[in-house]
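Let me begin by presenting the structure, written as structure tokens, before commenting on it.
In this chain, numbering begins with 1 at the start of the sequence shown. This is a predicted model, so every value here is computed, not measured. Quick note: numbers below take in every heavy atom, side chains included, and nothing from hydrogens, waters or symmetry partners.
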Amino acid sequence: MDETTRILQLREELHRHNHRYYVENAPTISDQEFDFLMHELQELEARHPEIFDPNSPTMRVGSDLNNEFETVVHTRPMLSLGNTYNREEVADFWQRVSDGLMGAPFQVCCELKFDGLSISLHYEEGRLARAVTRGDGVQGDDVTANVRTIRSIPLQLPLDADYPREFEIRGEVLMPWSSFDRLNAEREKSDEPLFANPRNAASGTLKSKNSSTVARRGLDAYLYYLLGDGIPGDGHYQNLEAAARWGFQVSKNMRLVDSLEGVFAYIDYWDKERRNLPVATDGVVLKVNSLAQQKSLGMTAKSPRWAIAYKFQAEQAETTLRQVVFQVGRTGAVTPVANMDPVQLAGTQVRRATLHNADVMASLGLHIGDRVLVEKGGEIIPKIVGKTTSATTDDSEPALPFIEYCPVCGSRLVRYEGEAAHYCTNDTGCPPLILGRIEHFISRKAMNINSLGPETVDDYYRRGLIHDAADLYSLNLSPKERSEEKILQSLEESKKVPFERVLYAIGIRFVGEIAAKTLARYYGSMDRVAEASLDSMLQINGIGEVIAGSVIQYFSNPVNKAFVERLRGYGLQMEIGEQQRQAQSDRLAGQSVVISGVFQHHSRDEYKSLIEQHGGKNVGSISAKTSFVLAGENMGPAKLEKASKLGIRIVNEDEFLSLIADGEKS
């Protein structure tokens, strides 16, 4: 047998063993035998790069190269489901379906609602072609390289199976409890912030720029909806059975029912039994089984009429409070965290729970040794919601107090008017805040240094390579290393970022994206902003005392002034460019514009900037006060329906560009 044939044989064999191990949980060879076959394939592929295959089993380990996520428009919108927490609304759903089908008999497929990240997988000729996150439902991020590392997702379907030439299958990427506990144990050992729950961990992992990181963290996936021309039949349940035969991991816990009593029996069973599952679930999804009946029932603007999600109530458990510690987040917010005796909750062992803020602590009136109730819902970290028995019988004994000084740097904490949290304000000396400022500086809407991520920033900071964001521009990186070359390129590109975003990026407290644009366009340069008086800033529409006072306080700090001067020395934009000055006009003065869809000529952010440059205002939702909607391809169905009802004008790209060029009023 020649080596090329052996490569093809090994690929097919290893795909088969992967499926048996990760999906069927019934391996037929030992780990050592599997590793031997994988090693043989790696050696053969290294000798024959001419037959490289991105779907080879060897790609499961991922790559250390940075992945840039491309935005992809969904072939079919990924709508969200309507949610309910009570049985009456489930009964209402059943009745609406019956009425919508004019009393015709129907079946409902009951499925577990996995708590992860929605994904759309596209297959061509039995091979994984593309994997896209849900995003906003209209478009998502192409995460194919990362998805290839998830071993329960087939890269190549069996050659003799009866799947269509092209199809889409949707499901949920999630992190099993075992992977979640292992990952958080590693992060705790390294003094890294812990993930709040498996869903957050799965989401953060899937969007990692290094697919090798994804491979190490042990994600899993369950598939729950098959779409496309030529799929097996009219039954959703039967289509998923076919998908399971092709090699997809489909939940074995689906059930077809033909009565409301059957739905409630399924809900009652899994409300208890879900605690024994290896993955997080937060409810049950109910879908009309017939695709023809689904089509007949149709959609609302936001969700299908033929499906609903029933969410389980948050679980509670009782344990003993042992200690309260205080953590400083990267915005400076200080959060009290309770350390407790371990207790089993929602499938995992819980030792810590948030107390949120000083008001919550005071309302609970806690003492060390109290017996407390801990709750964990699908979207939140564990929290203490009350106590059952007090550790003291003396009512005069004071409850645990909130701290007055930062537990990291010792600075006095402040609580701003209208805020629930206390903050450390030592931006230039408290490590969590320094890291937070750097991460803000590199973010997409600030300097957009997209080849850097929080993990890399943390690493550089721990190694003493950077002490603030300005140090990024003096990093001693090698352009010969591909990942470091990309960082150098991003840093160089960031020097072209316009002044208004530089002003936003330096991290003046309370100065958000809009305030930064307002100040930049009013004053025109960093020097004039730094010298501005309180009275001067209060004359600007949209700038109040809190923002103005924060700007003055920022530039009164010599450390901040030196930081800005270092950025100036590295070549960052410190004033509005001449081209931007000339581009400004009042052609959209007084007009409120909503942006929706995907565009050809400019990005959404660029269009938002153009609207503001010409005197308009960007708004997120349509109302009677909206002047017009700037619409690209795949405009959101909800926005389109509302605009039509209110008689709001829809303007396409070319019309808009002509509008701001000619000065025509809409």
Side-chain angles (χ1 to χ4, degrees), residues 85 115 180 184 187-188 191-201 203-204 280 282 311-346 348-392 397-409 411-426 430-433 435-436 439 509-510:
Y85 288 86
D115 196 15
F180 175 72
N184 265 352
R187 293 175 74 86
E188 190 168 28
D191 292 325
E192 295 179 82
L194 305 185
F195 283 111
N197 52 48
R199 185 185 189 281
N200 287 1
S203 178
D282 60 352
K311 303 286 283 283
F312 294 128
Q313 296 294 323
E315 293 186 53
Q316 291 185 343
E318 186 177 332
T319 186
T320 301
L321 176 66
R322 295 302 180 190
Q323 181 188 28
V324 173
V325 297
F326 294 84
Q327 295 181 341
V328 184
R330 297 193 177 184
T331 64
V334 177
T335 304
V337 177
N339 289 334
M340 311 163 298
D341 287 345
V343 62
Q344 198 73 15
L345 189 63
T348 190
Q349 198 173 66
V350 172
R351 292 183 173 87
R352 295 152 61 87
T354 181
L355 293 167
H356 293 294
N357 54 54
D359 291 343
V360 172
M361 273 190 69
S363 69
L364 291 169
L366 297 173
H367 304 82
I368 301 301
D370 283 353
R371 293 289 290 174
V372 294
L373 276 178
V374 187
E375 182 177 283
K376 187 175 185 182
E379 298 296 327
I380 57 173
I381 63 173
K383 62 180 181 181
I384 290 179
V385 294
K387 62 181 182 180
T388 57
T389 309
S390 179
T392 175
E397 186 172 331
L400 292 168
F402 199 88
I403 56 175
E404 297 181 13
Y405 297 92
C406 174
V408 177
C409 71
S411 301
R412 180 174 283 277
L413 302 179
V414 299
R415 182 173 181 176
Y416 299 106
E417 186 177 351
E419 292 268 359
H422 285 71
Y423 289 86
C424 172
T425 59
N426 184 13
C430 191
L433 274 71
L435 284 165
E439 289 178 17
R509 192 177 292 272
F510 304 122

> Going through the distances and angles, do Leu400 and Leu321 end up as a side-chain contact (heavy atoms from CB on, under 4.5 Å)?
Replying inline: CA-CA 11 Å; Leu400 292 168; Leu321 176 66; 4.1 Å; yes
Measuring only between side-chain heavy atoms, which start at C-beta, is [X] closer than 4.5 Å to [Y]?
X	Y	answer
Val328	Cys406	yes
Gln344	Gln349	yes
Asp341	Arg322	yes
Leu433	Tyr423	no
Leu366	Leu355	yes
Cys424	Leu413	yes

>> Checking Glu417 now: which residues fulfil salt bridge (charged side-chain N to carboxylate O under 4.0 Å, His left out) with it, not counting sequence neighbours?
In response: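 Glu417 satisfies salt bridge (charged side-chain N to carboxylate O under 4.0 Å, His left out) with no residue once adjacent residues are dropped.
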Looking at [X] and [Y], what are the two nearest heavy atoms and their distance?
X	Y	answer
Pro432	Val408	CD-CG1, 3.9 Å
Leu373	Thr388	CG-CG2, 3.9 Å
Ala280	Pro198	CB-CG, 4.4 Å
Val374	Met340	CG2-SD, 3.5 Å
Ser411	Asn426	OG-CB, 3.4 Å
Phe326	Pro407	O-CG, 3.5 Å

Rounded at 0.5 Å granularity, tell me how far [atom1] in [X] sits from [atom2] in [Y].
X	Y	atom1	atom2	value
Asp359	Leu364	CG	CG	11.0 Å
Thr320	Asn339	OG1	CG	13.0 Å
Asn357	Phe402	CG	CZ	7.0 Å
Glu375	Gln313	CD	CD	8.5 Å

> Under the side chain to side chain donor-acceptor pair (under 3.5 Å) test, which residues partner Thr389, sequence neighbours left out?
Replying inline: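 Side chain to side chain donor-acceptor pair (under 3.5 Å) check on Thr389 returns nothing, list empty.
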> Looking only at atom types and distance, does a side-chain atom of Lys387 sit under 3.5 Å from a main-chain N or O of His367, one as donor and one as acceptor?
Replying inline: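 Not at all, since once roles are kept as given, no pair shorter than 3.5 Å links the two residues.
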>> Determine whether a donor-acceptor pair (N or O, by modelled atom type, separation under 3.5 Å) exists between the side chain of Arg415 and the backbone of Glu419.
In response: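 Side chain of Arg415 to backbone of Glu419: a pair is present.
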> Which salt bridge (Lys or Arg N to Asp or Glu O under 4.0 Å) pairs, counting each pair once, include a residue from residues 360-369, with sequence neighbours left out?
Replying inline: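 Pairs touching residues 360-369 that pass the test: none.
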